[in-house]
S.K.: 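Have a look at this one before I ask anything.
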Amino acid sequence: MDTYLQGTNIRSTGGHWDAFNIAGGCSGMRSLMALLMLSAAWAYLSDLKFWKKCVLFLSAIPLAVIGNGVRITSIVVMAEYGNPEFASKTWHDWSGLLFFFPISLFGLAAVHSLLAGELIWKPSQRKKLVVKMNKSH
C-alpha cells in the first residue's frame, strides 16, 4: 500500500481515500498519559524492587508508541482495503479500545512478568509463601 506523508497528513498515493490528518488529540499523547498513570499505579502496587518498578513505569512509553502505531496502521489499512468513511469515523473512534489498550495492557503484564521472573497470572512462589505463613500460625 503506497502512502504519502506530508506533515501530519497521511495520503493515499492511489487516491483511494482522502487525507487523514493526525490531530493533536490523536497523536497518542493522551494515550501515553493514561498509560503512564496506569503503569505508575501498577508499579506502586507491585512487590518489585524499586529499580524494577521504575522500568515497569517507563515501559509505558514504548508500549504507547507501539499501540498507537498499530492503531494508526489499522485505520489506514481499513481505509485502503475497506470503507474509507467507516475507517475515518467509526473505526477511528473504536480502534483505541480494540488495539491500543489491549496491546498496552498485555505489554505491561509481559514486562511485569519478565521483571518478576514468573508469570504474574500464575504466581507459584506466592502460593508457597502463603501456605508457609498459614502453617506458622
Side-chain angles (χ1 to χ4, degrees):
M1 164 171 64
D2 293 327
T3 58
Y4 175 74
L5 299 174
Q6 181 180 20
T8 59
N9 292 323
I10 301 175
R11 300 178 185 275
S12 170
T13 56
H16 300 287
W17 38 274
D18 292 333
F20 288 127
N21 182 21
I22 302 175
C26 294
S27 66
M29 288 306 293
R30 291 180 189 165
S31 301
L32 173 62
M33 291 296 127
L35 193 58
L36 279 172
M37 198 166 68
L38 181 66
S39 69
W42 191 323
Y44 177 77
L45 295 173
S46 72
D47 58 346
L48 299 171
K49 293 180 181 179
F50 179 74
W51 73 269
K52 290 182 179 184
K53 289 181 182 202
C54 291
V55 170
L56 182 62
F57 170 69
L58 293 174
S59 70
I61 297 169
L63 290 172
V65 171
I66 292 167
N68 204 44
V70 170
R71 179 177 175 257
I72 290 171
T73 301
S74 74
I75 293 169
V76 171
V77 168
M78 180 66 69
E80 182 74 18
Y81 298 111
N83 184 339
E85 187 175 331
F86 175 78
S88 67
K89 294 181 180 166
T90 306
W91 189 252
H92 172 268
D93 294 342
W94 286 93
S95 61
L97 292 173
L98 296 174
F99 286 107
F100 179 79
F101 286 106
I103 288 171
S104 301
L105 292 177
F106 179 75
L108 280 176
V111 170
H112 186 172
S113 294
L114 286 171
L115 294 170
E118 65 183 4
L119 297 176
I120 61 171
W121 50 89
K122 292 185 178 181
S124 58
Q125 295 173 353
R126 290 185 188 151
K127 288 180 185 176
K128 292 176 187 175
L129 181 63
V130 170
V131 172
K132 288 180 184 178
M133 288 176 60
N134 288 338
K135 288 182 181 180
S136 65
H137 284 68

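Note that the coordinates shown come from a computational prediction; the quantities given were computed from them, not determined experimentally.
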S.K.: Classify the angle between the aromatic ring planes of His112 and Trp42 as parallel (below 30°), tilted (30 to 60°) or perpendicular (above 60°).
M.R.: perpendicular

S.K.: Hey, quick one: are Val76 and Trp91 part of the same hydrophobic cluster, counting side-chain heavy atoms closer than 4.5 Å, chains of contacts allowed?
M.R.: yes

S.K.: Indicate the atoms forming the closest heavy-atom contact of Ser39 with Ala60, along with that distance.
M.R.: OG-CB, 3.5 Å

S.K.: Provide the closest heavy-atom pair for His92 versus Ser88 in the form atom of the first, atom of the second, distance.
M.R.: CB-O, 3.5 Å

S.K.: Hey, could you give me the CG/CD1 distance between Asn68 and Ile66, rounded to the nearest 0.5 Å?
M.R.: 11.5 Å

S.K.: Can you name the residues that form a side-chain contact (heavy atoms from CB on, under 4.5 Å) with Ala34, not counting sequence neighbours?
M.R.: none

S.K.: Would you kindly confirm whether Ile72 and Val65 end up in one hydrophobic cluster when ILVMFWY residues are joined by side chain heavy atoms under 4.5 Å apart?
M.R.: no

S.K.: Mind listing the closest non-hydrogen atom pair of Met78 and Ala87 along with its distance?
M.R.: CG-CB, 3.6 Å

S.K.: So which heavy atom on Gly67 is nearest to which on Ile103, and how close?
M.R.: CA-CG2, 4.2 Å

S.K.: Would you name the heavy atoms of Leu108 and Ser59 that are closest together and state the gap between them?
M.R.: CD2-OG, 3.6 Å

S.K.: In terms of hydrophobic clustering (I, L, V, M, F, W, Y; side-chain heavy atoms under 4.5 Å; direct or indirect links), are Phe106 and Val70 co-clustered?
M.R.: no

S.K.: Looking only at heavy atoms, what is the nearest atom pair of Pro102 and Gly96, with distance?
M.R.: CD-O, 4.3 Å

S.K.: Group every Ile, Leu, Val, Met, Phe, Trp and Tyr by side-chain heavy-atom contacts under 4.5 Å, then state whether Leu114 and Leu63 land in the same group.
M.R.: no

S.K.: Can Leu36 and Ile61 be said to form a side chain to side chain contact (heavy atoms under 4.5 Å, CB included), step by step?
M.R.: CA-CA 7 Å; Leu36 279 172; Ile61 297 169; 4.2 Å; yes

S.K.: Got more than 12 heavy atoms from elsewhere within 6.0 Å of CZ, Phe86?
M.R.: yes

S.K.: So with a 6.0 Å cut-off around CE of Met33, is the heavy-atom count from everything else above 12?
M.R.: yes

S.K.: Any pair with a residue in residues 100-111 that passes side chain to side chain donor-acceptor pair (under 3.5 Å), sequence neighbours left out, goes on the list, sorted by first then second residue, please.
M.R.: none

S.K.: If hydrophobic clusters are built by linking Ile, Leu, Val, Met, Phe, Trp and Tyr wherever their side-chain heavy atoms come under 4.5 Å apart, do Leu45 and Leu115 end up in the same one?
M.R.: no

S.K.: Distance from Asn83 atom CG to Lys89 atom NZ, nearest 0.5 Å?
M.R.: 10.0 Å

S.K.: How long is the span from the CZ atom in Arg71 to the OG atom in Ser31, to the nearest 0.5 Å?
M.R.: 6.5 Å

